[in-house]
Amino acid sequence: MDIWAIANQKGGVGKTTTTATLGALLAEEGMRVLLVDLDPHASLSGYFSLEDLSGMGSVYELFRQHHPPTIASLARSTGHSGLWLLPAAAPMATLDRQLAAHKGTGRILANALTMLNNVYDYVLLDCPPTLGLLMINALAAAQRLLMPTQTEALALDGLERMLRSMQMIERSMGRVLPHWIVPTMYDLGAAHSRVSLMSLRERYRHTVTRQVIAVDPQICEAAEHGQPLTCWPAARQSTESYRALLHELLAAGRTFTEASA
């Protein structure tokens, strides 16, 4: 079971779209995929109309101090073959305050995922844009990290914060977390996009994916209708970009595994 965290300490960079689309593409290839919404704003849950407004049956329940439910009992079908979702709920925003005095809370999600016994082939974690208990849990559980980054100057600041957070978690875990930067919302006709992409490639080199995700209004249209891009014909070009990205990431993951063996 492969666990990917999709994170950046800046909102609006395409984390949820990336999570939903890569998940749908993996499911399309016959994989069993679980999406986990770790953002209290529940954008991914809303994408599939599976928000948990009551605070029951969501990620929040995993953090109970006594007798938490299993992930398998909380996951819901998205209505798309091979694709399930563990939804978010607003009370998740209180977890940092509730559990501040408790030890060992950084691995609650990782421990819960080990109980799945390979029910899923892939687990994709959609992270909140802030460093807190939920993101720490995601990075501690993940086997690789994807950082969607908008191709503009302000987004690069959020990326720097995200990389510092990743390094802190790596030191804590005593292991390297393979990571890739995914350029998103690229506008070929805008000079600032071209400059930002060039800056990303110069500064971070081999960790920036070759595949770039361009600006596409149809991405928003698909989300408003609760459809992954794979099910939205008007977004075919973006779907193919994400498909190429997925194959690049899978190949990169195999190369990293072989180099580590």
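Just so you know, these numbers come straight off a predicted model, no measurement behind them.
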Student: A side-chain contact here means heavy atoms from C-beta on lying under 4.5 Å apart; do Leu109 and Leu62 qualify?
Tutor: yes
Student: Show me the pairs that pass ring pair (Phe, Tyr, Trp, His ring centres under 6.0 Å) and involve residues 106-138, at least two apart or across chains.
Tutor: Trp4-Tyr122, Trp84-Tyr120
Student: Within the distance-only criterion (no hydrogens, no angle test), does the side chain of Asp121 pair as donor or acceptor with the backbone N or O of Met1 below 3.5 angstrom?
Tutor: no
Student: Between Thr151 and Asp187, does the side-chain contact (heavy atoms from CB on, under 4.5 Å) criterion hold? Intermediate values first, please.
Tutor: CA-CA 8 Å; Thr151 46; Asp187 185 349; over 6 Å; no
Student: Do Cys127 and Leu134 touch side chain to side chain, with heavy atoms closer than 4.5 Å?
Tutor: no
Student: What about Ile213 and Met198, same hydrophobic cluster or not, with Ile/Leu/Val/Met/Phe/Trp/Tyr joined at side-chain heavy-atom distances under 4.5 Å?
Tutor: no
Student: Between Thr19 (side chain only) and Lys15 (backbone N and O only), is there a donor and an acceptor less than 3.5 Å apart?
Tutor: yes
Student: Side chains of Ser45 and Asp37: closer than 4.5 Å at any heavy-atom pair?
Tutor: yes
Student: May I ask you to test the Asp39-Leu44 pair for a side-chain heavy-atom distance under 4.5 Å?
Tutor: no
Student: What I want to check is whether the side chains of Gln9 and Ser165 have a donor and an acceptor closer together than 3.5 Å.
Tutor: yes
Student: For a quick check under 3.5 Å, do Glu224 and Tyr47 share a side-chain donor-acceptor pair by atom type?
Tutor: no
Student: Rest of the hydrophobic cluster containing Val212 (Ile/Leu/Val/Met/Phe/Trp/Tyr, side-chain heavy atoms under 4.5 Å)?
Tutor: Tyr186, Leu188, Leu197
Student: Are any non-hydrogen side-chain atoms of Glu29 and Leu246 less than 4.5 angstrom apart?
Tutor: yes
Student: Anything under 3.5 Å between a donor and an acceptor, one on a side chain of residues 226-238, the other on a protein residue two or more places apart or in another chain? List them.
Tutor:
| unit_1 | atom_1 | unit_2 | atom_2 | d |
| --- | --- | --- | --- | --- |
| Trp232 | NE1 | Gln218 | OE1 | 2.8 |
| Ser238 | OG | Asp216 | OD2 | 2.6 |

Student: For the pair Gln143 (side chain) and Ile3 (backbone), establish whether a donor and an acceptor sit closer than 3.5 Å, ignoring hydrogens and angles.
Tutor: yes
Student: When you look at His179 and Arg144, which way does the side-chain contact (heavy atoms from CB on, under 4.5 Å) test go after all the steps?
Tutor: CA-CA 6 Å; His179 63 278; Arg144 71 171 76 183; over 6 Å; no
Student: Within the structure provided, determine whether Val13 and Leu159 are in side-chain contact (heavy-atom separation under 4.5 Å).
Tutor: no
Student: Could you go step by step and tell me if Leu74 and Glu61 meet the side-chain contact (heavy atoms from CB on, under 4.5 Å) rule?
Tutor: CA-CA 9 Å; Leu74 297 173; Glu61 295 302 298; 4.2 Å; yes
Student: Less than 4.5 Å apart, any side-chain heavy atom of Glu160 and any of Arg203?
Tutor: yes
Student: What I'd like to find out is whether the side chain of Val36 reaches to under 4.5 Å of the side chain of Asp126, using heavy atoms alone.
Tutor: no
